[in-house]
Amino acid sequence: MSTLYVIATPIGNLEDMTLRAIRILGEVDMILCEDTRMTKRVLNKYEINTPTLSYHTHSGLAKVEKIVAYLEDGKNVALVSDAGTPGISDPGVRLVSEIRHVLPDTPIVTIPGPSAVTAALSISGLPSSDFLFLGFLPHKKGRQTLFEEVVDSKRTVVLYESPHRIAKTLLTLSEIAPDRKVVVGRELTKIYEEVVSGTAIEVMKYFQDNHDHVRGEFVVMVEGK
Ligand code: SAM
């Protein structure tokens, strides 16, 4: 029977691949990639020559039907995203949901590994036995309401942020909860990995004073109230 494998890949450091992920990526008939060029970096490192097919947020129904046909044909398929775990603020949710619906007997198997949310929390020192993960905040509609949810939360809140919006997000946090503890994980597992912690005001000022650190990828964690 065909299987869909949902496989986590590194969030920066290419050595962060599990042995199982490497084996399965080499064994399947097709790898669905968010961006084939990004995934090729991992595949080349581990000398994996499996054919790839793009599957991303804008992939339409025709692509899903093609993947369904492939699975119906008895082929094994792996799904990866550019970094981390597919489906976590990344494409994959719709495909997995569709396969569960259309091919309920097809096993969907997780090959777990890195995800920025767990990587960042694990070194934050913030309470993390339970937490609220909000992913990327919306740019406009609903943004303010979500900020209120962030500062009202009794649990640690985790957000994903881009270099374009990190300064704005830290500014808003420092305005509505200036003394709240905030931890920012930047470029985790990469050369310029950095963790900045302090009150919302202190962390905001750090990035204001160190403009060259406003680049790369960010996880923002806010302590519960
Ligand atoms: N699926 C991925 C995961 O499991 O973490 C997340 C993909 S999401 C499109 C990309 C966001 O994750 C980035 O904007 C950043 O907020 C966060 N991220 C990914 N890699 C990171 C890293 N190495 N360091 C810090 N944050 C990272």
Side-chain angles (χ1 to χ4, degrees), residues 4-18 20-21 24-25 31-39 41-42 45 54-59 78-97 108-126 128 131-139 143 146-147 150 156-173 182-197 203-204 206-207 210 212-222:
L4 173 67
Y5 295 95
V6 178
I7 303 186
T9 56
I11 57 167
N13 190 321
L14 292 185
E15 290 182 359
D16 293 334
M17 279 289 280
T18 68
R20 193 166 166 232
I24 304 272
L25 285 170
I31 302 172
L32 305 174
C33 313
E34 186 178 0
D35 178 341
T36 49
R37 285 162 309 176
M38 288 289 286
T39 300
R41 292 170 53 229
V42 179
K45 178 166 175 70
S54 78
Y55 177 80
H56 46 73
T57 325
H58 304 295
S59 294
L79 170 71
V80 300
S81 61
D82 285 352
T85 301
I88 308 300
S89 300
D90 257 349
V93 176
R94 204 180 64 166
L95 179 68
V96 169
S97 164
I108 301 177
V109 173
T110 179
I111 310 294
S115 187
V117 51
T118 47
L121 266 177
S122 71
I123 55 167
S124 70
L126 295 175
S128 51
F131 59 90
L132 177 62
F133 174 59
L134 295 179
F136 291 104
L137 294 183
H139 291 182
R143 187 173 167 87
L146 274 172
F147 268 115
V150 170
T156 298
V157 179
V158 186
L159 309 173
Y160 281 169
E161 232 355 314
S162 72
H164 314 291
R165 308 196 75 81
I166 184 75
K168 212 170 158 206
T169 292
L170 292 174
L171 181 63
T172 308
L173 283 173
V182 169
V183 181
V184 173
R186 179 174 86 92
E187 292 288 85
L188 301 174
T189 78
K190 304 187 202 176
I191 295 171
Y192 297 107
E193 172 166 345
E194 176 178 38
V195 176
V196 181
S197 80
V203 174
M204 187 266 297
Y206 173 85
F207 284 102
N210 295 277
D212 53 329
H213 294 224
V214 186
R215 57 173 72 143
E217 303 192 275
F218 297 84
V219 180
V220 178
M221 294 157 284
V222 183

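Counting convention: from 1, in listed order, for ligands and their atoms alike.
- Within the listing of ligand 1, atoms 3 (C), 4 (O) sit less than 4.0 angstrom from a heavy atom of Gly84.
- Note: no N/O pair closer than 3.5 Å links Arg186 and ligand 1 by distance alone.
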Intermediate values then yes/no, side-chain contact (heavy atoms from CB on, under 4.5 Å), Ile111 and Leu25: CA-CA 10 Å; Ile111 310 294; Leu25 285 170; over 6 Å; no
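- Considering backbone and side-chain atoms alike, Asp90 places an N or O below 3.5 Å from some N or O of ligand 1.
- Counting only residues at least two apart or on different chains, the salt bridge (charged side-chain N to carboxylate O under 4.0 Å, His left out) pairs with a member in residues 183-194 are Arg186-Glu194, Glu187-Lys190, Lys190-Glu217.
- One N or O on the side chain of Thr189 and one on the backbone of Asn13 form a donor-acceptor pair closer than 3.5 Å.
- Nearest protein heavy-atom contact of atom 10 (C) of ligand 1 is Phe136 CZ, 3.8 Å.
- Leu79 and Gly92 get closest at one heavy-atom pair: CD2-CA, 3.7 Å.
- Taking a 6.0 Å sphere around OH of Tyr192, one finds it holds 12 or fewer heavy atoms contributed by other residues, nucleotides or ligands.
- The distance criterion of under 3.5 Å between nitrogen or oxygen atoms is met by Leu188 with respect to ligand 1.
- By the 3.5 Å distance cut-off applied to N or O atoms, Phe218 is counted among the residues near ligand 1.
- At under 3.5 Å, a nitrogen or oxygen of Ser115, whether backbone or side chain, sits near a nitrogen or oxygen of ligand 1.
- The atoms of ligand 1 that sit less than 4.0 Å from any heavy atom of Ser89 are 7 (C), 8 (S), 9 (C).
- Close contacts between ligand 1 and Glu161 involve ligand atoms 14 (O), 15 (C), 16 (O) [criterion: under 4.0 Å to a heavy atom].
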Check step by step if side-chain contact (heavy atoms from CB on, under 4.5 Å) holds for Met17 and Thr9. CA-CA 6 Å; Met17 279 289 280; Thr9 56; 4.2 Å; yes
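- Within the 3.5 Å criterion, the main-chain N or O of Asp35 finds a donor-acceptor partner in the side chain of Asp82.
- Taking only nitrogen or oxygen atoms, main chain and side chain alike, Ala83 reaches within less than 3.5 Å of ligand 1.
- The shortest N or O to N or O distance between Ala116 and ligand 1 is below 3.5 Å.
- Contacts between Glu187 and ligand 1, counted as non-hydrogen atom pairs separated by less than 4.0 Å, involve the backbone only.
- A donor atom on one side chain and an acceptor atom on the other are found under 3.5 Å apart for Thr169 and Arg143.
- Ser115 contributes no side-chain N or O that, together with a main-chain N or O of Thr118, makes up a donor-acceptor pair within less than 3.5 Å.
- Summary of contacts: the protein heavy atom closest to atom 20 (N) of ligand 1 is Glu217 OE1, 3.3 Å.
- Judged by distance alone, the side chain of Thr156 and the main-chain N or O of Leu132 form no donor-acceptor pair under 3.5 Å.
- Every N/O-N/O distance between Gly185 and ligand 1 stays at or above 3.5 Å.
- Some N or O of Tyr160 is nearer than 3.5 Å to an N or O of ligand 1, by distance alone.
- Counting atoms of ligand 1 from 1 in the listed order, those under 4.0 Å from a heavy atom of Lys190 are 23 (N).
- Taking each heavy atom of Leu137 and Phe147 in turn, the nearest pair found is CD1-CZ, 3.6 Å.
- Looking from atom 26 (N) of ligand 1 to the surrounding protein, the closest heavy atom is Val219 CG2, 3.4 Å.
- Every N/O-N/O distance between Ser81 and ligand 1 stays at or above 3.5 Å.
- Contacts between Ser162 and ligand 1 below 4.0 angstrom, taking non-hydrogen atoms only, are absent altogether.
- Of the listed options Ile88, Ile166, Thr118, Ile88 places a heavy atom closest to atom 6 (C) of ligand 1.
- A search for side chain to side chain contact (heavy atoms under 4.5 Å, CB included) contacts involving Ser59 returns Tyr55, His56, Lys63, not counting sequence neighbours.
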